[in-house]
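For reference, the structure discussed in these notes is given below.
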Amino acid sequence: MSETTSVDRSERQGGKAAKILYRPVGIVSSIVGGIVAGQVFKQVYKRVAPGHPDDVPGPLQSEYRLREIVLASLLQGAIFAVVKALIDRGGARAFESFVGEWPGD
């Protein structure tokens with residue numbers, strides 16, 4: 001019975017160590033993900049809104065209607081979420097292949 005307890009503890013500690021070791025990787029991947037998502041959004045917006053190829057509407061720009069601002073924000077949020085999920089998952093898989101432990105859960 002005590003063997004099982006010691007194995008469970010070492011597995012939990014290994015998981016905690018993996019999470020701690022993964023933090024810098026997660027931070028860097030989040031920064032890279034934000035940059036990539038921003039570039040992807042700009043390219044997608046150029047194709048979706050051909051009338052405004054260089055200017056993405058912001059909430060404080062009076063020349064755009066609220067509808068345009070909300071739709072651009074919705075598109076931007078969706079792209080950021082997908083890119084973040086892809087980069088986070090890829091970083092976790094790379095970390096697992098390098099270290100041998102999954103950084104999540």
Side-chain angles (χ1 to χ4, degrees):
M1 182 110 172
S2 64
E3 289 180 40
T4 305
T5 306
S6 65
V7 170
D8 291 342
R9 286 183 188 160
S10 66
E11 286 178 358
R12 274 188 259 143
Q13 289 173 349
K16 287 181 184 179
K19 287 180 183 182
I20 291 170
L21 287 173
Y22 182 72
R23 283 183 185 169
V25 174
I27 290 169
V28 170
S29 69
S30 291
I31 292 169
V32 170
I35 293 168
V36 169
Q39 294 302 315
V40 169
F41 171 68
K42 286 180 184 178
Q43 294 302 313
V44 169
Y45 190 78
K46 283 181 185 180
R47 288 170 177 73
V48 172
H52 308 288
D54 295 330
D55 195 21
V56 177
L60 300 178
Q61 293 177 318
S62 62
E63 65 266 20
Y64 295 104
R65 295 182 338 187
L66 180 61
R67 180 179 178 199
E68 290 176 290
I69 293 168
V70 170
L71 290 174
S73 297
L74 180 67
L75 178 63
Q76 185 177 27
I79 289 171
F80 269 79
V82 169
V83 169
K84 182 180 181 340
L86 291 172
I87 288 180
D88 285 349
R89 187 65 172 204
R93 285 184 186 253
F95 181 85
E96 181 186 31
S97 68
F98 184 71
V99 174
E101 276 192 62
W102 186 257
D105 299 332

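Everything numeric in this text was worked out from a predicted model, so none of it was measured.
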**Message:** Set out, in order, the CA-CA distance, both residues' side-chain angles and the distance that settles side-chain contact (heavy atoms from CB on, under 4.5 Å) for V82 and L86, then state yes or no.
**Reply:** CA-CA 6 Å; V82 169; L86 291 172; 4.0 Å; yes
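- The two atoms that bring P57 and I69 nearest to each other are CB-CG1, 4.0 Å, heavy atoms only.
- Sorted by first and then second residue, the salt bridge (charged side-chain N to carboxylate O under 4.0 Å, His left out) pairs involving residues 23-41 (not counting sequence neighbours) form an empty list.
- Residue Q39 holds its CD atom at 11.5 Å from CD1 of I79, rounded to the nearest 0.5 Å.
- For F80, the ring-ring contact (aromatic ring centres under 6.0 Å, His included) criterion is met by no residue, not counting sequence neighbours.
- Nearest heavy atoms, V56 versus Q61: O-OE1, 3.3 Å.
- Closest approach of V83 and G33 over heavy atoms only: CG1-O, 3.6 Å.
- No continuous path of hydrophobic side-chain contacts links L71 to F41 [ILVMFWY only; heavy atoms under 4.5 Å].
- For the atom pair NZ (K46) and CD (Q43), the distance works out to 4.5 Å, reported to the nearest 0.5 Å.
- S30 contributes atom OG, which lies 8.5 Å from atom CD1 of I87 (distance to the nearest 0.5 angstrom).
- At a threshold of 4.5 Å between non-hydrogen side-chain atoms, the residues L21 and P103 do not count as touching.
- Follow the hydrophobic side-chain contacts under 4.5 Å out from I27 and you reach I35 in the same cluster.
- To the nearest 0.5 angstrom, W102 atom CH2 is 8.0 Å from Y22 atom OH.
- In the hydrophobic cluster analysis, where Ile, Leu, Val, Met, Phe, Trp and Tyr join through side-chain heavy atoms closer than 4.5 angstrom, V36 is grouped apart from V25.
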